[in-house]
2 protein chains.
Amino acid sequence: MGKTGHPGRRRTLSEQDILDAALALLAEGGADAVTIRGIAARVGVAPNAVYTYFPDKAAVVRGLAEHLLGRVNHDRFTDPSQSWRDRIRAFALELRAELLAHPGSVHLMLSHPPDGPHTQAVRETLLAILADAGLGRAAADASYLINTHLLGSVAFEIAAPPDDPEARTTRFRWAVDRLLDGLAAHVATVRVERSAPR
Amino acid sequence: MGKTGHPGRRRTLSEQDILDAALALLAEGGADAVTIRGIAARVGVAPNAVYTYFPDKAAVVRGLAEHLLGRVNHDRFTDPSQSWRDRIRAFALELRAELLAHPGSVHLMLSHPPDGPHTQAVRETLLAILADAGLGRAAADASYLINTHLLGSVAFEIAAPPDDPEARTTRFRWAVDRLLDGLAAHVATVRVERSAPR
DNA sequence: ACCTGAACACCGTTCAAGT
DNA sequence: ACCTGAACACCGTTCAAGT
């Protein structure tokens with residue numbers, strides 16, 4: 001199906017092959033190792049052949065970030081039997097773990113902000129939780145606050161000298177709890193406004 | 001004074017000349033434009049001559065970040081006549097403005113975390129305010145929370161498409177206020193522990 | 001000590017050409 | 001349509017040599 005064009009054409013590669021190679025390079029050598037030439041060498045092709053699948057390096061990097069965000073399981077955060085605080089805590093910890101597992105991914109996302117379907121799915125999951133929490137119109141700002149803290153936090157952790165990883169997790173949880181306290185205080189404000197609109 | 005060594009030597013450059021050139025390149029072309037060869041060309045010297053003043057590019061970049069942090073005026077944040085909330089708000093807004101004025105500086109700091117005297121001065125100013133706020137042992141974690149949010153926030157703002165700058169400032173202030181609410185709630189907790197130690 | 005010229009080992013990207 | 005070889009315009013860094 002689809003318009004495969006002429007049938008006699010070679011398509012030795014797929015976009016996924018390229019993203020897999022990029023992911024492997026990211027895992028082995030960090031963000032600096034994610035290189036068009038390195039990807040090409042890893043999939044056994046000339047460097048410029050990569051440009052058949054992606055228009056430029058930025059597109060490859062966005063695809064890579066998308067691929068990473070596609071690995072998060074949303075179901076655990078939409079379960080309404082848990083409190084919104086617990087759900088956001090779990091959400092933040094899961095994404096942090098995913099980003100920490102791929103050092104350099106944060107720098108890639110900060111320099112080339114992704115905006116594909118997986119990215120939007122993650123954004124909407126977070127927005128749904130915040131709406132459940134009762135943040136109303138401020139849900140978007142709260143989402144921005146959490147994303148911002150998450151990326152900044154992981155970027156710092158990767159750049160900083162490797163001290164005790166358990167202490168870093170504790171520090172991250174502490175920060176998230178302060179954030180949640182701040183959001184909870186604002187929820188109370190919103191509630192007051194809503195019950196006394198004038 | 002000092003040990004200038006042999007008097008007949010040329011010293012056409014200073015470390016400051018190199019940092020000034022790097023700052024100009026950062027202002028003109030962003031983080032990617034900060035390049036050893038570009039700096040050398042701008043100060044009128046062969047590329048490898050830069051290695052006489054700095055051991056490698058990372059050192060230049062750290063020096064550049066240091067230079068930027070040296071521009072913040074600490075006095076405005078140590079004034080005890082203002083509330084700690086106002087002082088942290090001013091601190092965050094000032095640093096954000098300084099970083100936004102030099103697009104790319106955040107990426108430089110995130111990839112090469114600075115640790116010179118100006119960096120430490122900024123850190124200690126923030127710690128002092130947080131100690132004033134009554135955060136006690138949690139001051140370090142709170143400082144980390146604010147730094148993390150600040151850098152992540154600015155990185156996001158620079159990477160995102162240039163929408164209304166005033167709206168972005170409003171969003172930033174909103175986020176800082178949520179953070180302060182969260183910290184204030186924790187101050188109350190600390191106070192309770194201190195007045196009832198057993 | 002400070003600077004130069006030349007080189008090494010890389011980059012991303014483009015172009016012309018082959019199938 | 002997809003791939004190759006060759007090239008262009010860059011990087012950071014090192015080395016040997018000059019003063």
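Residue numbering restarts at 1 for every chain, and letters A, B, ... go by the order of the sequence lines.
Listed by first and then second residue, the ring-ring contact (aromatic ring centres under 6.0 Å, His included) pairs that reach into residues 99-154 of chain B are B/His149-B/Phe172, sequence neighbours excluded.
Nucleotide C/dC2 holds its C1' atom 15 Å from the CZ atom of B/Phe54, rounded to whole Å. Regarding B/Leu13, its CG atom lies at a distance of 13 Å from the C1' atom of C/dA1, rounded to whole Å.
Around the CG atom of B/Asp86, the shell of radius 6.0 Å holds more than 12 heavy atoms that belong to other residues, nucleotides or ligands.
Going from atom CG of A/Leu130 over to atom OG1 of A/Thr125 covers 11.0 Å, rounded to the nearest 0.5 Å. To the nearest 0.5 angstrom, B/Arg71 atom CZ is 14.0 Å from B/Glu66 atom CD.
Side chain of A/Lys57, nearest nucleotide from C/dG12, D/dC3, C/dC2: C/dG12. Closest to the side chain of A/Tyr51, out of D/dC2, C/dG12, D/dT4, is C/dG12.
Phosphate proximity of C/dC2 to B/Thr12: absent, as no side-chain N or O sits under 4.0 Å from OP1 or OP2. Here A/Tyr53 reaches the OP1 or OP2 of D/dC3: one of its side-chain N or O atoms lies under 4.0 Å away.
Ionic pairing of A/Arg62 and A/Asp115 is not present here: no N-O contact between side-chain nitrogen and carboxylate oxygen is shorter than 4.0 angstrom.
With the nearest nucleotide of DNA chain D identified for both B/Pro47 and A/Val45, A/Val45 has the one nearer the 5' end.
Near DNA chain D, meaning a heavy atom under 4.0 Å from it, residues 15-43 of chain A has A/Arg37 in order of number.
At distances below 3.5 Å, not a single donor-acceptor pair connects side-chain atoms of A/Glu98 with backbone N or O atoms of A/Val72.
D/dA9 and C/dA9: their C1' atoms are spaced 16 Å apart (whole Å). Rounded to a whole angstrom, the distance from the C1' atom of C/dC2 to that of D/dA16 is 15 Å.
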>> Is there a side chain to side chain contact (heavy atoms under 4.5 Å, CB included) between B/Ile36 and B/Asp56? Walk through the geometry before answering.
In response: CA-CA 9 Å; B/Ile36 295 286; B/Asp56 52 22; over 6 Å; no
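Using N1 to N3 plus N6-O4 or O6-N4 for Watson-Crick, or N1-O2 and O6-N3 for G-U wobble, each under 3.5 Å, D/dA1 pairs with C/dT19. In this structure C/dC10 sits in no base pair that meets the Watson-Crick or G-U test at under 3.5 Å.
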